[in-house]
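Each remark here refers to the structure printed beneath this line.
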Amino acid sequence: MTTKHTSNLKLTTQGPPYPPSEIMDKDGNFIVIGNIVQEDLSMKWGAAVVSAESPVPEFGKLLPYKVVRYLSSDELATSDAVLYTVSLPLACNNYPMVFAPEQLPHAHSIKRPSLPLHEAYIPDYRPIDGRKITSPITLGQWCKAKGTMTVDVGPDYADFSFEFEGMIPHSLYTVMALRRHEIRPKDTQRPGPLGIPNVFIPDANGRATYQARMPNPFPVGPDANRIIDVIVLWISSQMSFGGAIGHHGLGGDVHAQLKTGPAPFEGLETRG
């Protein structure tokens with residue numbers, strides 16, 4: 001017997017707290033839609049432009065963001081600000097992880113400027129090949145994204161199903177499964193995809209679906225490496241990475257656009 005759970009995904013530009021966002025503006029600031037670290041080290045969900053000069057603590061700890069200004073919901077919906085990748089090495093990063101150890105073990109040594117999303121680095125790209133994303137992607141366009149997630153939980157598996165609208169048309173996305181051990185300060189493990197292959201391409205209207213069956217995603221016990229969040233990421237390099245979500249992650253080549261809310265899978269159990 002399965003147990004079905006359906007929820008709406010949240011709009012975001014943020015993965016972990018550092019870098020503060022996986023999207024930058026033309027001035028090299030982060031555009032944050034997510035948890036903003038306050039002066040008292042609490043985290044408050046909101047939207048803001050955050051300086052890349054913000055202090056960066058060691059992984060697992062917090063320091064207040066240096067907020068340039070806050071963004072209203074109306075501004076998010078109508079802004080024509082052009083969105084950019086995060087520069088490499090990743091600015092304001094404290095996550096010491098290689099995302100694709102077989103494909104790019106030296107990822108941290110690569111230098112690359114922040115680029116408009118529609119002009120982001122694509123390996124082996126040639127103009128004659130017909131790049132599909134050629135117009136600037138704006139903050140207002142980004143904020144049109146919506147998604148619902150349904151999880152059917154079986155005894156030793158779970159089926160994840162998604163429906164999306166308002167996504168960036170004709171471009172590549174990946175779906176990431178964040179597990180408990182991937183954010184612990186010691187013996188941190190790299191994040192991975194929610195299913196392989198783990199990509200989808202929205203149609204001309206920004207609509208898409210995605211499905212994956214995951215083996216034993218919600219094991220029980222205090223040390224169990226459960227899935228605790230699902231993140232939908234736009235891929236600026238427009239390529240799939242096999243068993244990795246990207247070469248650089250965190251705004252270098254993949255950019256969080258939708259995610260689950262807090263503790264979305266609490267109470268769900270599977271036994272592999």
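As the structure is a computational prediction, the values presented were derived from the model and not from experiment.
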Determine whether the side chains of Asn216 and Thr270 contain a donor N or O and an acceptor N or O closer than 3.5 Å. yes
Closest non-hydrogen contact found for Val153 with His5 is CG2-CD2, 4.4 Å
Taken to the nearest 0.5 Å, the spacing of Gln257 CD from Ile168 CD1 works out to 5.5 Å
TODO: Determine, stepwise, if the pair Ile128 / Arg126 fulfils side chain to side chain contact (heavy atoms under 4.5 Å, CB included).
DONE: CA-CA 5 Å; Ile128 61 173; Arg126 303 174 302 178; 3.9 Å; yes
Notebook entry, point to check: How about Lys146: does its NZ atom have over 12 heavy atoms from other parts shown lying under 6.0 Å from it?
Noted result: no
In terms of heavy-atom contacts, Phe265 and Ile227 come closest through CD1-O, 3.5 Å
Just by distance, do the side chain of Asn8 and the backbone of Thr148 share a donor-acceptor pair under 3.5 Å? no
**Request:** Evaluate the side chain to side chain contact (heavy atoms under 4.5 Å, CB included) criterion for residues Leu83 and Leu139: first the C-alpha distance (whole Å), next the side-chain angles of each, then the deciding distance (0.1 Å), finally the verdict.
**Result:** CA-CA 6 Å; Leu83 305 186; Leu139 180 57; 3.9 Å; yes
Contact between Met24 and Thr85 at the side-chain level, heavy atoms closer than 4.5 Å - yes or no? no
task = Determine whether Val199 and Met176 fall in the same hydrophobic cluster, where Ile, Leu, Val, Met, Phe, Trp and Tyr are linked whenever their side-chain heavy atoms lie under 4.5 Å apart.
result = yes
State yes or no: do Val32 and Tyr84 share one hydrophobic cluster built from I, L, V, M, F, W and Y residues joined by side-chain heavy-atom distances below 4.5 Å, directly or via other members? yes
Quiz question: by atom type and distance under 3.5 Å, do the side chains of Trp142 and Thr13 form a donor-acceptor pair? no
What one should report as the nearest heavy-atom pair of Pro16 and Glu22 is CD-OE2, 4.1 Å
Q | Intermediate values then yes/no, side chain to side chain contact (heavy atoms under 4.5 Å, CB included), Cys143 and Ile33 | A | CA-CA 10 Å; Cys143 292; Ile33 303 173; 3.8 Å; yes
- request: May I ask you to establish whether Arg131 and Tyr125 are in a cation-pi arrangement, using a distance under 6.0 Å from NZ or CZ to the six-membered ring centre and at most 45° from the ring axis?
  value: yes
Notebook entry, point to check: Using a distance-only test with no angle check, is there a side-chain donor-acceptor pair under 3.5 angstrom linking Ser236 and His255?
Noted result: yes
So CD of Glu165 and CG of Asp203: to nearest 0.5 Å the spacing works out to 11.0 Å
Distance col, row Lys10:NZ vs Thr260:OG1, nearest 0.5 angstrom, shows 9.0 Å
Salt bridge check: are Glu266 and Arg226 linked by an N-O gap of less than 4.0 Å? no
### Query
Heavy-atom count around Glu163 CD within 6.0 Å, excluding the residue itself: above 12?
no
Check: Side-chain donor-acceptor pair under 3.5 Å between Ser42 and Asp40, yes or no?
Finding: yes
message: Taking the six-membered ring for Trp, are Tyr95 and Tyr18 closer than 6.0 Å centroid to centroid?
response: no
Residues Thr174 and Asn198: side-chain donor-acceptor under 3.5 angstrom: yes
Any heavy-atom pair between the side chains of Leu104 and Val98 that's under 4.5 Å? no
In short, Ala91 meets Phe30 closest at the heavy-atom pair O-CZ, 3.7 Å
Same cluster for Val175 and Ile235 if Ile/Leu/Val/Met/Phe/Trp/Tyr side chains link at under 4.5 Å? no
Apply side chain to side chain contact (heavy atoms under 4.5 Å, CB included) to residues Ile231 and Leu178 and explain how you reach the verdict.
CA-CA 7 Å; Ile231 303 99; Leu178 180 68; 3.9 Å; yes
Please determine if Arg180 and Glu182 form a salt bridge, counting it only when a charged side-chain N lies under 4.0 Å from a carboxylate O. no
Nearest heavy-atom contact between Tyr70 and Ala48 is CD2-CB, 3.8 Å
So Arg213 and Asp159, salt bridge (Lys or Arg N to Asp or Glu O under 4.0 Å) or not? Walk me through it.
CA-CA 4 Å; Arg213 172 168 287 194; Asp159 288 327; 2.6 Å; yes
Original post:
How are the rings of Phe160 and Phe218 set relative to one another: parallel (under 30°), tilted (30 to 60°) or perpendicular (over 60°)?
Top reply: tilted
Here the pair of heavy atoms bringing Tyr173 nearest to Val232 is CD2-CG1, 3.9 Å
The ring pair (Phe, Tyr, Trp, His ring centres under 6.0 Å) partner of His247 among Phe241, Tyr121, Phe99 is Phe241
Practice problem: Following the transitive rule for hydrophobic clusters with a side-chain heavy-atom cut-off under 4.5 Å over Ile, Leu, Val, Met, Phe, Trp and Tyr, establish whether Ile36 and Leu76 coincide in one cluster. | Solution: no
Exercise for review: May I ask you to test the Pro89-Ile110 pair for a side-chain heavy-atom distance under 4.5 Å?
Suggested key: no
query = Just by modelled atom types, is the Ile122 backbone N or O under 3.5 Å from a matching donor or acceptor in the Ser237 side chain?
reply = no
Item checked: Gln211, CD: over 12 other non-hydrogen atoms inside 6.0 angstrom -> yes
ask   = Is the side chain of Asn29 donor-acceptor paired with the backbone N or O of Asp25 at a distance under 3.5 Å, no angle test?
value = no
dist Ile201:CD1 -> Met167:CE (nearest 0.5 Å) comes out at 12.5 Å
Original post:
Got a donor-acceptor contact below 3.5 angstrom from the Ser54 side chain to the Ser51 backbone?
Top reply: yes
dist Asp27:CG -> Ser114:OG (nearest 0.5 Å) comes out at 10.0 Å
Between Asp253 (side chain only) and His248 (backbone N and O only), is there a donor and an acceptor less than 3.5 Å apart?
yes
(Q) Taking the side chain as everything from C-beta on, heavy atoms only, tell me whether Pro136 gets closer than 4.5 Å to Pro116. (A) no
Shared hydrophobic cluster for Leu233 and Ile133 (ILVMFWY, side-chain gaps under 4.5 Å): no
Taken to the nearest 0.5 Å, the spacing of Phe164 CZ from Leu9 CG works out to 6.0 Å
Would Thr6 and Thr150 count as having a side-chain donor-acceptor pair, cut-off 3.5 Å?
yes
Self-check item: Donor-acceptor contact below 3.5 Å, side chain Arg179 vs main chain His181
Solution: no
